[in-house]
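One is the number of the first residue; the rest follow in order along the sequence.
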Amino acid sequence: MSAAGIPQLDEASKKELEVFLEQEQAKAKLQASIHELTNTCWNTCITGSISSKFSKSEAQCLENCVDRFLDSSLFIVRQIEAQKQQI
């Protein structure tokens with residue numbers, strides 16, 4: 001073990017740890033996006049008092065909001081992927 005109490009890792013273990021950390025970061029980004037989506041759509045669409053059901057207009061607004069959010073996210077991902085390929 002090193003002085004910091006962390007064992008020295010071989011290259012395979014380092015790569016495995018790197019992949020794991022990238023996956024966890026991707027999960028965290030996804031959770032943050034879902035949180036942002038929830039807040040944005042809720043604040044935009046829910047105008048009445050909270051009840052057991054959404055009104056018809058609230059349900060339609062929520063559906064449209066989620067669709068636009070997903071469309072925007074996919075567009076951004078595609079643009080980033082295209083830029084990566086050009087490098």
Side-chain angles (χ1 to χ4, degrees):
M1 291 186 108
S2 68
I6 300 173
Q8 295 297 320
L9 301 175
D10 60 25
E11 288 303 313
S13 295
K14 287 179 184 178
K15 184 65 177 168
E16 184 179 344
L17 181 58
E18 183 180 317
V19 169
F20 173 77
L21 290 174
E22 287 174 0
Q23 290 172 342
E24 290 302 307
Q25 289 172 341
K27 288 179 190 177
K29 286 180 183 179
L30 177 61
Q31 288 175 335
S33 292
I34 291 170
H35 181 71
E36 178 185 348
L37 167 68
T38 302
N39 280 338
T40 300
C41 292
W42 183 271
N43 292 335
T44 301
C45 298
I46 307 305
T47 56
S49 60
I50 298 174
S51 65
S52 62
K53 285 185 154 185
F54 295 124
S55 71
K56 190 172 186 174
S57 63
E58 289 172 334
Q60 186 64 46
C61 179
L62 286 169
E63 184 176 331
N64 288 337
C65 185
V66 170
D67 287 345
R68 296 302 71 79
F69 186 87
L70 293 175
D71 289 344
S72 299
S73 296
L74 286 173
F75 176 78
I76 291 168
V77 168
R78 288 181 183 140
Q79 292 297 329
I80 291 170
E81 287 175 352
Q83 288 176 354
K84 279 184 178 179
Q85 291 176 357
Q86 291 176 352
I87 294 176

Asker: Rounded to the nearest 0.5 Å, how far does CZ of R68 lie from SG of C41?
Answerer: 10.5 Å
Asker: Could you measure the distance from the NZ atom of K29 to the CD1 atom of I34? Nearest 0.5 Å is fine.
Answerer: 14.5 Å
Asker: SG-SG distance between C45 and C65 under 2.5 Å?
Answerer: no
Asker: Check whether E22 reaches the backbone of V19 with its side chain - one donor and one acceptor, N or O, closer than 3.5 Å.
Answerer: no
Asker: Would you please name every residue forming a side-chain hydrogen bond (donor to acceptor under 3.5 Å, both in side chains) with T38, sequence neighbours left out?
Answerer: none
Asker: For W42 versus L62, what's the shortest heavy-atom pair and its separation?
Answerer: N-CD2, 4.4 Å
Asker: Report the distance from atom OG1 of T40 to atom NE2 of H35, rounding to the nearest 0.5 Å.
Answerer: 9.0 Å
Asker: Under 4.0 Å between a Lys/Arg side-chain N and an Asp/Glu carboxylate O for K14 and E11?
Answerer: yes
Asker: Between atom CD1 of I76 and atom CG of D71, what is the distance when rounded to the nearest 0.5 Å?
Answerer: 11.0 Å
Asker: If I take atom CD from residue Q60 and atom OG from residue S55, how far apart are they, to the nearest 0.5 angstrom?
Answerer: 10.5 Å
Asker: Rounded to the nearest 0.5 Å, what's the gap from CD on E81 to CG on L74? Could you check?
Answerer: 9.5 Å
Asker: If you measure from the Lys or Arg side-chain nitrogens to the Asp or Glu carboxylate oxygens, is any gap between E24 and K27 under 4.0 Å?
Answerer: yes
Asker: Take F54 and I46 through the side-chain contact (heavy atoms from CB on, under 4.5 Å) test and state the conclusion after the steps.
Answerer: CA-CA 8 Å; F54 295 124; I46 307 305; 3.5 Å; yes
